[in-house]
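Structure, as structure tokens:
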Amino acid sequence: MRDPVLLVIAHGSRDARHAATVHALVRRVRSLRPGLRVETGFLDFNVPSVHGVLESLAAEGVRDVVALPLLLTRAFHAKADIPAVLRDAPRRLRIRQAEVLGPSPLLLAALERRLYEAGLTPADKSSTGVVLASAGSSDPEAIAVIADIAREWRHTGWCAVRPAFASASLPRTEDAVRELRELGCAKVAVAPYVLAPGFLPDRIARGAAEADVLAGVLGPAPEVARVLLERYDAARDPALLAVGA
């Protein structure tokens, strides 16, 4: 019996760096699980569209698909947009929607990887304040999750960790940077809790102008690829709700 196809669903962007980063992450997932068929679909701006990929899979005779939202929090896209697209899929497909990527200890490990790649060392940890900078959301659940992640990360040894948001919510990155300065942290670092470059990550970068360190986006970090496979494996459980079955 064949494994379900993994369909990674990305938001899409007019910024060409976004799709390039998504494809790099998908390549890493394939390298970790040789033999697993992994496809990519975009909700907007980029091709192929999610609907187009699902149509093609059905035409090939594929039966089982795990649809994995390439999202860090469970907000509007995961709750509304993606389920709506999956409901319009060809009826012959049995689709399970996997959970979003966050929160996960692996993502915290990826955030630290990016900070160290940007110039910090483990010896800097206790004297460094970190801004956990996310894209932002109008969904209270998503905002609460970011705040919880910041509190959890603080307990791993950083001087302090503050959440910040590029849109929809406050504080902004630059405000959190100033707060950590006033708190007395010897260094301030900004860790973008985003998967790929684009408009909002660029806003985070501008807000980090007064920080000592700006990490890169999570992108195709190996820890992120492992989270994708964890979510895929969990969604294969037949007890989970099958969309469109």
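In what follows, residues are counted from 1 in the order of the sequence shown. All values below come from the heavy atoms of this structure, side chains included, with hydrogens, waters and symmetry mates left out.
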Between [X] and [Y], which heavy-atom pair has the shortest distance, and what is it?
{"X": "R181", "Y": "A186", "value": "NH1-O, 4.2 Å"}
{"X": "R17", "Y": "G198", "value": "NH2-N, 3.8 Å"}
{"X": "T128", "Y": "W158", "value": "O-CE3, 3.7 Å"}
{"X": "A164", "Y": "A176", "value": "CB-CB, 4.0 Å"}
{"X": "A133", "Y": "T173", "value": "CB-OG1, 3.8 Å"}
{"X": "P197", "Y": "H18", "value": "O-CB, 3.6 Å"}

Starting at [atom1] of [X], measure out to [atom2] of [Y] and round the result to the nearest 0.5 Å.
{"X": "L108", "Y": "E112", "atom1": "CG", "atom2": "CD", "answer": "7.5 Å"}
{"X": "S167", "Y": "R172", "atom1": "OG", "atom2": "CZ", "answer": "6.5 Å"}
{"X": "R27", "Y": "H23", "atom1": "CZ", "atom2": "NE2", "answer": "8.0 Å"}
{"X": "I143", "Y": "S134", "atom1": "CD1", "atom2": "OG", "answer": "6.0 Å"}
{"X": "L132", "Y": "F165", "atom1": "CG", "atom2": "CZ", "answer": "8.0 Å"}
{"X": "L106", "Y": "L101", "atom1": "CG", "atom2": "CG", "answer": "10.5 Å"}

Under the salt bridge (charged side-chain N to carboxylate O under 4.0 Å, His left out) test, which residues partner R162, sequence neighbours left out?
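Here the qualifying residues are E179.
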
For E230, give me all partners under salt bridge (charged side-chain N to carboxylate O under 4.0 Å, His left out), at least two apart in sequence or on another chain.
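E230 satisfies salt bridge (charged side-chain N to carboxylate O under 4.0 Å, His left out) with no other residue.
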
Are [X] and [Y] side-chain neighbours, meaning at least one heavy-atom pair lies under 4.5 Å?
{"X": "D3", "Y": "V66", "result": "no"}
{"X": "V47", "Y": "F42", "result": "no"}
{"X": "L93", "Y": "R63", "result": "no"}
{"X": "V130", "Y": "L180", "result": "no"}
{"X": "P222", "Y": "R113", "result": "yes"}
{"X": "V145", "Y": "L72", "result": "no"}
{"X": "S104", "Y": "R231", "result": "yes"}
{"X": "T121", "Y": "D124", "result": "yes"}

Checking side chain to side chain contact (heavy atoms under 4.5 Å, CB included) for the pair L68/L7: CA distance, chi angles, key distance, verdict?
CA-CA 6 Å; L68 195 156; L7 171 59; over 6 Å; no

Looking only at atom types and distance, does a side-chain atom of D212 sit under 3.5 Å from a main-chain N or O of A189, one as donor and one as acceptor?
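Absent.
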
Is a side-chain donor or acceptor of R114 paired with a backbone partner of A215 at a separation under 3.5 angstrom?
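Judged by distance alone, no pair lies under 3.5 Å.
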
Assess whether salt bridge (Lys or Arg N to Asp or Glu O under 4.0 Å) is satisfied between R226 and E223, documenting all intermediate values.
CA-CA 5 Å; R226 287 168 58 196; E223 297 89 351; 5.8 Å; no

Going through the distances and angles, do Q97 and I82 end up as a side chain to side chain contact (heavy atoms under 4.5 Å, CB included)?
CA-CA 9 Å; Q97 182 176 332; I82 291 175; 3.9 Å; yes

Linked, directly or transitively: [X] and [Y] (ILVMFWY side chains, under 4.5 Å):
{"X": "V8", "Y": "L25", "value": "yes"}
{"X": "V194", "Y": "L43", "value": "no"}
{"X": "V29", "Y": "V53", "value": "no"}
{"X": "Y193", "Y": "Y116", "value": "yes"}

What class does the angle between the rings of F45 and H11 fall in, given that below 30° is parallel, 30 to 60° is tilted and above 60° is perpendicular?
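Rings of F45 and H11: tilted, 30 to 60°.
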
What verdict does the salt bridge (Lys or Arg N to Asp or Glu O under 4.0 Å) test give for D44 and R14, after you've listed the backbone C-alpha separation in whole Å, the side-chain angles of each residue and the deciding distance to 0.1 Å?
CA-CA 9 Å; D44 207 353; R14 293 186 178 90; over 6 Å; no

Should R206 and E174 count as an ion pair when the cut-off is N to O under 4.0 Å?
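No.
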
If you measure from the Lys or Arg side-chain nitrogens to the Asp or Glu carboxylate oxygens, is any gap between D139 and R74 under 4.0 Å?
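R74 and D139: not salt-bridged.
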
Where do D64 and R2 land on the salt bridge (Lys or Arg N to Asp or Glu O under 4.0 Å) test, with the steps shown first?
CA-CA 9 Å; D64 293 303; R2 288 187 175 181; over 6 Å; no

Determine, stepwise, if the pair V190 / V177 fulfils side chain to side chain contact (heavy atoms under 4.5 Å, CB included).
CA-CA 8 Å; V190 174; V177 169; 3.8 Å; yes

Does the salt bridge (Lys or Arg N to Asp or Glu O under 4.0 Å) test come out yes or no for D175 and R178, once each step is laid out?
CA-CA 5 Å; D175 299 324; R178 294 187 190 107; 3.4 Å; yes

Can you check side chain to side chain contact (heavy atoms under 4.5 Å, CB included) on L6 and E39, steps first, answer last?
CA-CA 6 Å; L6 169 55; E39 300 290 344; over 6 Å; no

